[in-house]
Every structure is written in C-alpha cells, then in structure tokens.
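Quick notes on the structure that follows.
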Amino acid sequence: MEIKVTEIQQLYVSPKTICKAYSLGRNHVYMLLRDMKASRRYRDGVVAYSKVIRVKLAVFDEFWREYAARH
C-alpha cells in the first residue's frame with residue numbers, strides 16, 4: 001500500500017504571526033484587523049471566536065497591499 005502525502009498551505013494565522021511576518025507592531029495589526037472586519041470586502045478573512053482570532057493569510061495580504069498603496 002502506497003501512501004501519498006500532499007503538503008497544503010497554511011490558510012489561517014494568528015495576529016502574532018502577522019506581526020512577525022510583516023514586521024508590524026501589535027497595536028497596528030489589531031487596528032488593521034478592526035478595519036478588515038468593518039470592510040464588506042475583507043470581513044470574511046477574520047474569524048473570531050471567544051478570545052481567539054484567526055486571519056486568512058491570503059486575504060490579509062491583499063488587504064495589506066491595498067492599505068499600503070493608500071497610505
């Protein structure tokens with residue numbers, strides 16, 4: 001019997017991981033996530049339950065590029 005292993009990309013990350021990956025401060029990341037939640041286009045990228053927040057990495061990257069272009 002042969003087992004095939006397929007590597008999948010990580011879809012969701014924590015705000016702490018975003019801080020490290022994008023070299024951003026904690027408060028800045030949470031401000032960006034608040035803006036994402038307020039946006040109709042990007043609100044599906046933020047999943048929050050209880051005290052846990054997870055962010056869809058591809059959606060955050062798209063939001064970050066648009067945000068950086070405006071500022």
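These numbers come from the heavy atoms of this one structure, side chains and all, not from hydrogens, waters or symmetry mates.
Ring geometry, Phe63 versus Phe60: the interplanar angle falls from 30° to 60°, so the pair is classed tilted.
In this structure, NZ in Lys37 is found 9.5 Å from OH in Tyr30, a value given to the nearest 0.5 Å. Going from atom CZ of Arg65 over to atom CZ of Arg70 covers 15.0 Å, rounded to the nearest 0.5 Å. If you take OG on Ser14 and NZ on Lys20, they are separated by 8.0 Å, rounding to the nearest 0.5 Å.
Both Leu57 and Tyr67 sit in one connected hydrophobic cluster of ILVMFWY residues. Membership requires side-chain heavy atoms under 4.5 Å apart, directly or through other members. Note on Met36: it does not cluster hydrophobically with Tyr12, by side-chain heavy-atom contacts below 4.5 Å among ILVMFWY residues. In the hydrophobic cluster analysis, where Ile, Leu, Val, Met, Phe, Trp and Tyr join through side-chain heavy atoms closer than 4.5 angstrom, Tyr22 is grouped apart from Leu11.
At most 12 non-hydrogen atoms from other residues, nucleotides or ligands lie less than 6.0 angstrom from CZ of Arg40.
Think of Met1 as one node in a network of Ile, Leu, Val, Met, Phe, Trp and Tyr side chains linked at under 4.5 Å; it has no links at all.
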For residues 46-55, run the donor-acceptor check on the side chains, cut-off 3.5 Å, and write out each pair with its distance to 0.1 Å, sequence neighbours left out.
none

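In this structure, Ile18 and Leu32 have side chains that are not in contact, with every pair of non-hydrogen atoms separated by 4.5 Å or more.
When every heavy atom of Pro15 is checked against every heavy atom of Leu33, the shortest pair comes out as CG-CD1, 3.8 Å.
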